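Please read the structure below before turning to the comments.
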Amino acid sequence: MRAGLEPAITGATATSVTVFDERSLRRHDGPSEDFIDRLSGRVFQTPQRRGKFLWIPLDDPADVPGHGEALVAHLGMSGQVLLRDRSTDDRLTRIRIELDHPDHGALRLNFVDQRIFGSMSIDSMLPTDDQPHLLVPSQVAHIARDPLDPFFDDAKFLRALKVKRTTVKRALLDQTLVSGIGNIYADEALWAAQVHYNQPTETLSRAKAIMLLAEVRAVFAKALAEGGTSFDAQYLNVNGESGYFAHSLNVYGQQGKACPRCGREVVREQFMNRGSHFCGFCQRVRAGSQSV
DNA sequence: CCCCTCACCTGATCGC
DNA sequence: TGCGATCAGGTGAGGG
């Protein structure tokens with residue numbers, strides 16, 4: 001989504017903003033009038049991402065220099081950002097931003113979200129603790145870098161796995177430890193590394209933890225190359241197109257089918273109020289390596 | 001302080 | 001055709 005937005009909206013001016021459902025501003029500190037006022041007339045800079053948060057830095061308004069604000073978007077479970085022409089509408093559009101781009105002319109951003117777990121907001125930028133010259137929106141400050149980020153700290157992540165009293169899938173889904181991993185990519189990376197979702201993190205050997213992190217990166221790289229995971233019309237890129245990673249899934253949603261590695265049945269269990277998909281043979285809770 | 005549960009929401013689909 | 005149950009890819013406040 002970030003890559004799709006960049007060439008289209010960088011340098012565009014937000015000429016008009018409409019909020020159809022104020023609940024989509026759940027992460028915005030203020031009423032919709034405030035969101036509209038602060039966004040209208042601003043120029044979009046290059047879109048940025050950390051984990052599942054996307055933001056578009058805004059130029060400083062002429063009368064308020066050095067402000068440092070961004071339009072922040074999170075898709076939640078069902079959000080989409082669709083890049084449209086001025087005449088195209090989308091069902092379940094919660095927020096609409098009309099844009100004027102010096103090269104591409106009139107554009108429209110439709111923020112579409114069925115369940116309204118996603119949001120848009122205007123947020124102030126803060127220095128990151130590890131790279132103070134790089135800024136992130138205040139609501140993103142507690143989110144860890146993702147494993148494809150050049151400043152992701154492998155040693156810090158491995159240390160956290162040792163210290164935490166939790167299980168490995170919980171840790172993968174904990175965006176304060178490592179960001180960008182959701183239920184699909186957690187299950188896929190765990191399968192690739194042959195780790196059971198309920199393996200206590202402190203019993204994971206260092207070698208296994210390193211392998212797991214490598215598999216997370218491999219899953220991310222493949223999913224990004226294929227444009228993400230689309231099961232239906234709900235998960236689309238900015239041009240309304242489906243990603244192809246769903247064709248590459250080994251265990252997610254594959255319950256009842258054969259494990260691509262050993263041929264035994266893929267099973268699904270309830271875990272954290274969601275589905276966990278794994279091979280009961282390849283992925284078993286193993287006795288921990290004793291580390292001092 | 002750390003970890004886990006649950007609330008937050010709507011719409012599509014399926015079985016009866 | 002209609003109705004109720006079920007399901008869905010995330011986050012963070014608050015309780016234990």
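Computed from a predicted structure; not experimentally measured. Labels below follow one simple rule: chain letters A, B, ... track the order of the sequence lines, proteins then strands, and each chain is numbered from 1.
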Item to check | Any side-chain heavy-atom pair of A:Tyr197 and A:Gln283 under 4.5 Å | outcome: no
Checklist entry - If you measure from the Lys or Arg side-chain nitrogens to the Asp or Glu carboxylate oxygens, is any gap between A:Glu202 and A:Lys162 under 4.0 Å? => result no
Next on the checklist: Applying the Watson-Crick and G-U wobble criteria at under 3.5 Å, what pairs with B:dC9? Answer none if nothing qualifies.
Outcome noted: none
Checklist entry - CZ of A:Arg115 versus P of C:dG10: gap in Å, rounded? => result 10 Å
Next on the checklist: Rounded to whole Å, how long is the line connecting atom CG of A:Asp174 with atom P of C:dG10?
Outcome noted: 13 Å
Item to check | Closest nucleotide among C:dG10, C:dG12, C:dA8 to the A:Phe117 side chain | outcome: C:dG10
Checklist entry - Parallel under 30°, tilted from 30 to 60°, perpendicular over 60°: which one fits the rings of A:Phe220 and A:Tyr185? => result perpendicular
Checklist entry - For the pair made of CG in A:Asn183 and C1' in C:dC7, what is the distance, rounded to whole Å? => result 13 Å
Item to check | Interatomic distance, A:Gln114 CD vs C:dA8 C1' [rounded to whole Å] | outcome: 8 Å
Checklist entry - Below 4.0 angstrom from OP1 or OP2 of C:dG10, is there any side-chain N or O of A:Arg27? => result no
Next on the checklist: Classify A:Arg274 by what it touches in the nucleic acid, base, sugar-phosphate, or nothing, heavy-atom distance under 4.0 Å.
Outcome noted: base
Next on the checklist: I'd like to know if the side chain of A:Asp146 pairs up with that of A:Ser179 as donor and acceptor (distance under 3.5 Å, no hydrogens or angles considered).
Outcome noted: no
Checklist entry - Roughly, in whole Å, what's the span from CG in A:Asp146 to P in C:dG10? => result 15 Å
Checklist entry - Reckon A:His142 has a side-chain N or O less than 4.0 Å from the OP1 or OP2 of C:dT11? => result no
Checklist entry - Taking atom P in both C:dT11 and B:dA12, what distance in whole Å separates the two? => result 23 Å
Checklist entry - Which two nucleotides bound the region of DNA chain B that has atoms under 4.0 Å from heavy atoms of chain A, read 5' to 3'? => result B:dC3 to B:dA12
Checklist entry - Just how far, in rounded Å, is C1' of C:dG10 from CD1 of A:Ile181? => result 14 Å
Checklist entry - With ring centroids as reference points, do A:Phe271 and A:Phe278 lie under 6.0 angstrom apart? => result no
Item to check | Euclidean distance, atom CZ of residue A:Arg26 to atom P of C:dT11 [Å, nearest integer] | outcome: 12 Å
Checklist entry - Does A:Tyr252 offer a backbone N or O that forms a donor-acceptor pair with the side chain of A:Gln254 under 3.5 Å? => result yes
Checklist entry - Contact class for A:Leu75 (heavy atom, under 4.0 Å): base, sugar-phosphate, or nothing? => result nothing
Checklist entry - Of A:Asn273 and A:Arg94, whose closest DNA chain B nucleotide lies nearer the 5' terminus? => result A:Asn273
Checklist entry - Is any side-chain N or O of A:His74 closer than 4.0 Å to OP1 or OP2 of C:dT11? => result yes
Checklist entry - With rounding to whole Å, what would you report as the distance between C:dG14 and B:dC9 at their P atoms? => result 14 Å
Checklist outcome for this item: The single option from A:Asp174, A:Asp187, A:Asn198 that satisfies side-chain hydrogen bond (donor to acceptor under 3.5 Å, both in side chains) with A:Lys169 is A:Asp187
Checklist entry - What is the nucleic acid contact for A:Thr166, judged by heavy atoms within less than 4.0 Å: base, sugar-phosphate only, or nothing? => result sugar-phosphate
Item to check | Separation of C:dG12 P from A:Arg170 CZ (nearest whole Å) | outcome: 17 Å
Checklist entry - Within 45° of the six-membered ring axis of A:Phe35 and under 6.0 Å from that ring's centre, is NZ or CZ of A:Arg38 located there? => result no
